[in-house]
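I have placed the structure first, in the form of structure tokens, so that the comments after it can refer back to it.
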Amino acid sequence: MQPIAMQKDSRIFIAGHRGLVGSALCRRLCSDGYQNLILRQHADLDLRDAGAVRSFFETERPEYVFLAAATVGGIFANDSRPAEFIYDNLAIEINVIDAAYRCGVKKLEFLGSSCIYPKLAPQPMKEEYLLTGPLEPTNEWYAVAKIAGIKMVQAYRRQYGFSGISLMPTNLYGPGDNFDLQSSHVLPALIRKFHEAKIAGAPEVIVWGTGSPRREFLHVDDLADASVFLMQNYDGEGIVNVGTGSDVTIRELAEIIAGVTGYRGRLHFDTSKPDGTPRKLLDVSRLESMGWHPRIALREGIAATHDWYKSSLL
Ligand code: GFB
């Protein structure tokens, strides 16, 4: 199918522009010269409110939508706030996708997550493994909502011919991440823990779980690059994985972050905390066959994120 490409003066709504992904999309589209970004803070537009979303679309008439708004968090937040994770994400998806279709949006891009795949899926995980097995229990509420979003985009394409696409990013990190230790993902949590331990001269840093789970990490600026690439070059029903194609253990990640922050103490693994899924590595051959590749190496991306974190404390 012929893609419908954004122009520099297209009206582009970035849903969730204050979050990790949305803010990276803003930076990227601004630096590319897109002049008509439509942005709303949560206080001005609650995407869980169907009436408010519909009237926003009727008034603003965006032509392109990046659906990056979501209630997100790390393993502890997912596990302890299941109702918020399923309700908020389902409501946001239903409201935004339906309003986009009804108000004549030319194309919508939905951002999912690699946790949509079964807990014990073969690795690396291909797009066709979706719905082939049980989900990881710590984040099944979020995963079910994201799967519903994928299916909604596909259903609107099939029944109404609506041009929606879905991307499945792997674990993301970068500037603007959440560094709150209760709700964050592992990478920002460990940057903060090692940074603070170095300053305090602490003898050890607590790392949750056994350290053996494997995770793949993609810098959010690479994700933004892939998002724009797919918005401009892809228009199909199939979901597309976005990742680097390589992973590390949580122990290896901790060692890299210790090196970047200059921390020389011990690692203490708290095995009372859950490991989550044992491995989550995406098969990125579909995206690579389209000609896209990530640019930011993990250590370099972590160093830049550590710098961002330090500057955010000033
Ligand atoms: O990033 P994370 O919270 O989420 O945890 P998931 C990844 C791994 O790092 C788990 C370990 O094995 C954690 O136990 N870990 C070690 C830590 N130390 C820490 C720490 O200080 N904080 C945190 N948060 N983890 C999430 C899903 O899964 O991935 C979401 O819950 C979403 O739904 C996201 O899909 C991308 O990678 O396990």
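Order of listing sets the numbers, starting from 1, for every ligand and every atom in it. Computed from a predicted model, the values in this text were never measured in an experiment.
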inquiry  = Taking D247 first and then R215, would you say they form a salt bridge - that is, a charged N and a carboxylate O separated by under 4.0 Å?
reply    = no
ask   = Quick one: which ligand 1 atoms are inside 4.0 Å of a heavy atom on K193?
value = 20 (C), 21 (O)
query = Which residue from E216, H185, R214 reaches closest to atom 34 (C) of ligand 1 through any of its heavy atoms?
reply = H185
inquiry  = At less than 4.0 angstrom from any non-hydrogen atom of S113, what atoms of ligand 1 do you find?
reply    = 35 (O)
request  = Mark yes or no for whether T277, through its side chain, and K280, through its backbone, hold a donor-acceptor pair below 3.5 Å.
outcome  = no
query = Considering only protein heavy atoms, which is closest to atom 36 (C) of ligand 1, and at what distance to one decimal place?
reply = N171 OD1, 3.4 Å
request  = Looking only at distances, please establish whether an N/O atom of ligand 1 is found under 3.5 Å from an N/O atom of T277.
outcome  = no
ask   = Counting N and O atoms only, with roles assigned by atom type, does the side chain of E63 sit under 3.5 Å from a partner on the main chain of R11, one being a donor and the other an acceptor?
value = yes
message = Please check whether V186 reaches ligand 1 - meaning an N/O of the residue sits under 3.5 Å from an N/O of the ligand, judged on distance alone.
response = yes
Geometric cation-pi criterion K198 and Y263, 6.0 Å radius, 45° cone = no
ask   = Do Y129 and Y117 make the cut of ring centroids closer than 6.0 angstrom?
value = no
message = Which of the numbered atoms in ligand 1 are under 4.0 angstrom from any heavy atom belonging to K280?
response = 6 (P), 26 (C), 28 (O), 29 (O), 35 (O), 37 (O)
key: I250: numbered ligand 1 atoms lying under 4.0 Å from its heavy atoms   = 8 (C), 9 (O), 16 (C)
message = Could you tell me, atom by atom, which parts of ligand 1 come under 4.0 Å of a heavy atom of G74?
response = 3 (O), 31 (O)
message = Please check: side-chain N/O of E127 versus main-chain N/O of N241, any donor-acceptor pairing under 3.5 Å?
response = yes
key: Which residue and heavy atom of the protein sit nearest atom 24 (N) of ligand 1, plus the separation   = S184 O, 3.0 Å
inquiry  = For R18, I'd like to know if atom CZ has over 12 heavy atoms of other residues, nucleotides or ligands within 6.0 Å.
reply    = no
message = Counting only heavy atoms not in Y87 (residues, nucleotides, ligands), do more than 12 fall under 6.0 Å from its OH?
response = no
query = Would you call G73 a ligand 1 contact, heavy-atom distance under 4.0 Å?
reply = yes
request  = Could you find the nearest protein heavy atom to atom 13 (C) of ligand 1 and give me its residue, atom name and distance?
outcome  = P274 O, 3.9 Å
query = Between atom OG of S114 and atom CG of L281, what is the distance when rounded to the nearest 0.5 Å?
reply = 9.5 Å
query = So F217 and Y173, would you call those rings parallel, tilted or perpendicular, with 30° and 60° as cut-offs?
reply = perpendicular
message = Keeping N89 on the side-chain end and A70 on the backbone end, is there a donor-acceptor pair under 3.5 Å?
response = no
message = Is there a polar contact, in the sense of an N or O pair closer than 3.5 Å, between I75 and ligand 1?
response = yes
inquiry  = Using a 4.0 Å cut-off to any heavy atom of A189, which atoms of ligand 1 qualify?
reply    = 20 (C), 21 (O), 22 (N)
task = May I ask you to identify the nearest protein heavy atom to atom 10 (C) of ligand 1, giving residue, atom name and distance to one decimal place in Å?
result = D275 O, 3.3 Å
remark   = If you scan protein heavy atoms around atom 27 (C) of ligand 1, the nearest is N139 ND2, 3.2 Å
inquiry  = Considering both backbone and side-chain atoms of N78, is one of its nitrogen or oxygen atoms within less than 3.5 Å of a nitrogen or oxygen in ligand 1?
reply    = yes
query = What do we get for E136 next to ligand 1 when only non-hydrogen atoms under 4.0 Å count, side chain, backbone, both or neither?
reply = neither
ask   = Is atom CZ of R295 surrounded by more than 12 heavy atoms (other residues, nucleotides or ligands) closer than 6.0 Å?
value = no
request  = Give the contacting part of A77 toward ligand 1: side chain, backbone, both or neither, where contact means a heavy-atom distance below 4.0 Å.
outcome  = neither
message = Within the 4.0 Å heavy-atom shell around C115, which atoms of ligand 1 are there?
response = 33 (O), 35 (O)
key: Interfacing atoms of ligand 1 (cut-off 4.0 Å, heavy-atom, R215)   = 6 (P), 7 (C), 37 (O), 38 (O)
request  = Mark yes or no for whether N78, through its side chain, and G73, through its backbone, hold a donor-acceptor pair below 3.5 Å.
outcome  = yes
key: Sub-4.0 Å heavy-atom contact, F76 with ligand 1   = no
ask   = Quick one: does ligand 1 sit under 4.0 Å from the side chain of W208, the backbone, both or neither, non-hydrogen atoms only?
value = both
query = If you measure only the distance, is there a donor-acceptor pair under 3.5 Å linking the side chains of D79 and T138?
reply = no
